[in-house]
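Worksheet: one structure, shown below.
By convention in this document, chain letters (A, B, ...) are assigned in the order of the sequence lines, proteins followed by strands, and residues within each chain are numbered from 1.
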Amino acid sequence: MLPVFILAPFAGSLIAIFFPSDQRGATAWFAGAIALVCFLVTAGLYPFVASGGVLRYQLDWIPELGLNFTLRMDGFAWLFSALITAIGVLVVLYARYYMAAEDPVPRFFALFLAFMASMLGVVLSGNLILLAVFWELTSIVSFLLIGYWHHNAHARDGARIALTMTGMGGLCMLVGLLIMGRIVGSYDLDVVLASGDAIRNHPLYLTVLILLLLGALTKSAQFPFHFWLPHAMAAPTPVSAYLHSATMVKAGVFLLARLWPVMAGTEAWFWIVGLAGLTTLLLGAYFAIFQQDLKGLLAYSTISHLGLITVLLSLGSPLAAVAAVFHIVNHATFKASLFMAAGIIDHETGTRDMRRLSGLFHYMPITATLAMVASAAMAGVPLLNGFLSKEMFFAEAIETHLINTLDTITPYVATIASMFAVTYSLRFIHGVFYGPMPKDLPKKPHEPPRWMRAPVDFLVLACLVVGIIPAQTIGPFLHTAVVSILGDRTPQYSLAVWHGLNVPLIMSFVALSGGVGLYFLMRSYLATSVEGPPVFRLLQGQRIFERVLVTLSWKWARSLEQRLGTRRLQPQMCYVVLLALAAGASPLVLGGFKLPPLVIRGIDPAFALLWVIGIACAVGSAYQAKFHRLAALVLLGGAGLVTCITFVWLSAPDLAVTQLLVEIVTTVLILLGLRWLPKRIEQPEDAEDLPFRIRLRRLRDFILAILAGGGVTVVAYTVMTRPLPETIASYFLERAYTEGGGTNVVNVILVDFRGFDTLGEIAVLCIVALTVFALLLRFRPQADSLEAPEQQRVQNAFDDDHPDRAAGDSVAEYLFVPSVIMRWMFPVTGLLAAYLFLRGHDLPGGGFAAGIAMSIGFILQYMSGGTRWVEERLRIHPLRWMSIGLLVATATGAGSWVFGYPFLTSHAQYATLPIVGKFPLASAILFDLGVFSLVLGATVLILIALAHQSVRAPRAHMRAVRAEKEGVR
Amino acid sequence: MELILSAGIGALTASGVYLLLRPRTYQVIIGLSLLSYAVNLFIFGMGRLRVNAPPVLDPGGVGDLAQYTDPVTQALVLTAIVIGFAMTALFLVVLLASRGFTGTDHVDGREQRHD
């Protein structure tokens, strides 16, 4: 049953988004139905929970980490679920009338349902990590809800502050919960709740406590994190009524109450929680008096009441915990109705400024009466629910729990805060509904639609009924909740209205009379004063917050970037090399590395000579790369060939084939690029002339290079001279033929055993080719490389000088014989590619090699005939080949699903073709065909895109020149 | 055999690293290519050096490491060669585009006072 609470609202949220935006009613009905279903399910679960049962639902998530999707409903979670869903239904009904026709209503209800799901997730989580996940979800969704009117700067700011504060708190809480899980050895809530002593006596208790409190206190807007809540009032009123009465801000006190059995009772808990709660209680009430915005007043009053609940939880006595739970429920009912009433006033008059509002009783008597009853509950007037929990609070405040100053001052602070509460409640009633008739309101006020007021009716009725006959109404539910928190420690308590003439009653009386007196003293000041309490209004939480944020994310970040960062690549590369050296050397140094003995036997002189050439090529290309690019490229090719011969020599024919082919393509590619690089003529440079800095840098780089090279040599030599340990290689050797159906093990690994890797790899190749293609589409060469290359200019000049030659003859006849040969080579290359492809499964070759070989065939045509000549004669669709390749490879993989095997399972068989003979026909060969097609397409695409630049660029150049001439003319 | 190859790998690495630290884009691309040879050979060498033992089985046969060389490193290197080619192509185009946009072939896209 429990997953319904999470799934139904989340699914509903997804569906609600797709409602058309003019369907306000339908969306509201839909959201309301979902909330109602959740409420009814909650109600239906009550008999089970009331009998002391705990509902559990568990879905394994990552059991190895103790991470399970565990939902758990006991009495306390039930009470919260009932509050969330019941008030949810009422808020939906209210929002149906509150939201304007031009608001995007589906988005509102979608977010609303998502919020409800997250909040239910918080209260129902049976796993600490899951709790943190839902907790963050409430932060994120509340951010979206508060910023619902995102065209309004206040809404955006409010949403941002709320998210930063609660999100940051949530992160701290996650760390706290992780440590807690470590202490207990499980993240399961039941296990955690059973190991209170272990947690309280652990050396990390204080750390856990502070981290958890950072989460709970930011969420519940406790001092000094309270300032986000008033800013969140920029949200639509239904959001405020929901988030700031029953849900979001209650999550903090929910967590405190939930973990109360394991965390409370220590001195640290008493001091930190108590101090935060008491300060919030007093300051919130004091600030509330001075608000001119109706919702601002309610926001500070909410802060203050949450402070009250926090104080109760801080005391550590079971009776106080009962009072806390009771007040959570009471506050939710009267505050939700007050927010709704404030929204009605705003909706019907067009303003929430109390300086402009007065005498509204005349226009909306029913709403006024309801608001008055709810305010009275907020002030703690007898016969209303607020009075009962406040009496319990007073009774607990005068008890001595621990002997210290904080405990001593609690009753006094409680009385003063309560007095303030009476003052602001009275101000809400008297200032808005009584007094002279309002002048120049934006709208003419009147009663709201019947059903918009219905939720308020219901909630106020609840305040009254609970206030008069508590034991018969809220009593059993409260008892179930309290028992689930306190267990055996559940105290005797009485929910009667009349407890006799005792100290709490006297305190209530003092608060009531004092509050009324204070209101009439301050009335004239408040009627005209600016927003916010004197002195304190200068100390704006938001401004401090913004300043901290700017300092952190802008000033410090910038100075850090300036000091540690660089926009220059060379220092960055230098760091990378240094880091690589350190990373490579440290395990050797730490592990006590000893150089193996040098063995100078069995050296083949030919192999040695080969590598003398290889090393010379490498060093030479490093030396020439700056001024003689072509020479460097030739030398690079030399090093590549040496590598290739090494592969042949050392039993890697596949690598040699691929390396050789790739070498050719790379060389062509770089040759094509050379044209677009700036000319650089070597000047005879005198070593003495170079600045010292440059010489030092070169020396440093040289040393780094030597270190890197030396290190790699040592490591390579050491590893290669040791015997091969047991590896997975034998697995592949044993199964290549019997299971893969091919004798070329390397190819079988690529297309069969590790086919999925190959699929990923060709996808990468595909992406690279497309990126190259896209980059070159917007390529704008530098002006100096636009004109025809020097060689062509010399050839053209030769034609001009000789009258018997037409212009362009030399260019056309240049390399005439080789180009004819190259043209004839095309079918031969195609045959070679087909040969490489077909033998691939059994002998060196395969899709990669074949694809590259074929692409060389194409590029040879370009080289011999020129771009235009080729494209007049050949249809080349590299993009199509690539997509076909990717599709074929994927489809081959998916094909095995049809036969009930996992992705990319292959089937092997031999087939016979006339002339060609027997060749392996594994399904892997189809996959290899995909590889072939993709590699061919990608290579050709890259090469052609680059080659095309010499056609495109002169055209652009001509256009530019022509435009210039016309401009002159 | 091992000594020569490891010296070769070292020389390729050293040349590659030196070029990697140079200021011109072309030097860097050549450096990267040299470095990728070195890395490919290094990975290949991890399967140990064997002469005349390519991992191509007799039809119908079951191979073992005594007869044939390690195919796994070869498969790895084969992949690396192709990816290396893709990387070179991409880098080449980026360096050309950078030269087109900024007018210089300096790696930072702007000239320093001295190199």
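Note that CD of Q949(A) is 6.5 Å distant from CG of L946(A), once rounded to the nearest 0.5 Å. Atom CD1 in I762(A) sits 11.0 Å away from atom CG in L750(A) (nearest 0.5 Å). Note: R24(B) CZ to R629(A) CZ = 9.0 Å, rounded to the nearest 0.5 Å. Distance check: I942(A) CD1 to F85(B) CZ gives 4.5 Å after rounding to the nearest 0.5 Å. For the atom pair CD (E761(A)) and OG1 (T79(B)), the distance works out to 4.5 Å, reported to the nearest 0.5 Å.
When heavy atoms are compared at a cutoff of 4.5 Å, T718(A) does not approach chain B at all. For a residue to count as touching a neighbouring chain, one of its non-hydrogen atoms must lie under 4.5 Å from one of that chain's; by this rule L677(A) touches chain B with backbone and side chain alike. At a 4.5 Å heavy-atom cutoff, the contact between V764(A) and chain B is made by side-chain atoms alone. Using a 4.5 Å cut-off between heavy atoms, F42(B) touches chain A through its side chain atoms alone. Of the two parts of F702(A), the backbone and the side chain both hold a non-hydrogen atom closer than 4.5 Å to a non-hydrogen atom of chain B. Looking at L655(A), both its backbone and its side chain come within 4.5 Å of chain B, counting heavy atoms on both sides. No part of P571(A) comes within reach of chain B, as not one of its non-hydrogen atoms sits under 4.5 angstrom from that chain. Within the 4.5 angstrom heavy-atom criterion, atoms from both the backbone and the side chain of L636(A) approach chain B. Both the backbone and the side chain of L650(A) come within contact range of chain B, judged by heavy atoms closer than 4.5 Å. Heavy-atom distances place both the backbone and the side chain of R722(A) under 4.5 Å from chain B. Contacts of L95(B) with chain A are made by side-chain atoms alone, with heavy-atom separations under 4.5 Å and no backbone atom involved. Looking at L674(A), only its side chain comes within 4.5 Å of chain B, counting heavy atoms on both sides. Interface remark: Y717(A) contributes backbone and side-chain atoms alike to the contact with chain B (heavy atom separation under 4.5 Å). In this structure, the portion of L92(B) lying under 4.5 Å from any heavy atom of chain A is its side chain and not its backbone. For L943(A), no part lies near chain B; criterion is any non-hydrogen pair under 4.5 Å. Interface residue V619(A): backbone and side-chain heavy atoms are both found under 4.5 Å from chain B. No part of Q624(A) comes within reach of chain B, as not one of its non-hydrogen atoms sits under 4.5 angstrom from that chain.
For chain A, the option among V17(B), L57(B), T13(B) with the highest count of heavy-atom pairs below 4.5 Å is L57(B). Of the residues considered (A729(A), G673(A), A716(A), P678(A)), P678(A) shows the highest number of contacts with chain B, using heavy-atom pairs under 4.5 Å. The residue among A580(A), S651(A), G709(A) with the most heavy atom pairs within less than 4.5 Å of chain B is S651(A). Put simply, of I706(A), D604(A), V665(A), L843(A), the one with the most heavy-atom pairs under 4.5 Å next to chain B is V665(A). The greatest number of non-hydrogen atom pairs below 4.5 Å with chain B, out of A639(A), A632(A), G614(A), is found for A639(A). Heavy-atom pairs under 4.5 Å with chain A peak, among T104(B), T102(B), V93(B), at V93(B). Of the listed residues (R48(B), R50(B), Q27(B), E2(B)), the one with the most heavy-atom contacts under 4.5 Å to chain A is R48(B). In terms of heavy-atom pairs under 4.5 angstrom with chain A, the leader among L78(B), T88(B), V107(B) is L78(B). Of the listed residues (I29(B), T25(B), V77(B), L76(B)), the one with the most heavy-atom contacts under 4.5 Å to chain A is V77(B). Chain A forms the most heavy-atom pairs under 4.5 Å with one residue out of I9(B), V94(B), L19(B), and that residue is L19(B).
The nearest pair of heavy atoms linking V746(A) to P55(B) is CG2-CG, 3.8 Å. Shortest non-hydrogen contact noted between S6(B) and M720(A) is CB-CE, 3.9 Å. Between W676(A) and R99(B) the shortest heavy-atom distance is O-NE, 3.1 Å. Counting all heavy atoms, side chain and backbone alike, D70(B) lies closest to Q74(B) at O-CG, 3.6 Å. Residue L34(B) comes nearest to S621(A) through the heavy atom pair CD1-OG, 3.4 Å, listed as atom of the first residue, atom of the second, then distance. Residue V662(A) comes nearest to I852(A) through the heavy atom pair CG2-CD1, 3.4 Å, listed as atom of the first residue, atom of the second, then distance.
Residue Y623(A) qualifies as open at atom OH: its count of foreign heavy atoms under 6.0 Å is 12 or below.
Cation-pi check for R22(B) over Y18(B) is met; the charged atom lies under 6.0 angstrom from the ring centroid and within 45 degrees of its normal.
In this structure, V56(B) and V745(A) have side chains that are not in contact, with every pair of non-hydrogen atoms separated by 4.5 Å or more.
Checking D654(A) against N744(A) by side-chain atom types alone, a donor-acceptor pair falls below 3.5 Å.
Checked for salt-bridge contact, K679(A) and D105(B) miss the test: no charged N lies under 4.0 Å from a carboxylate O.
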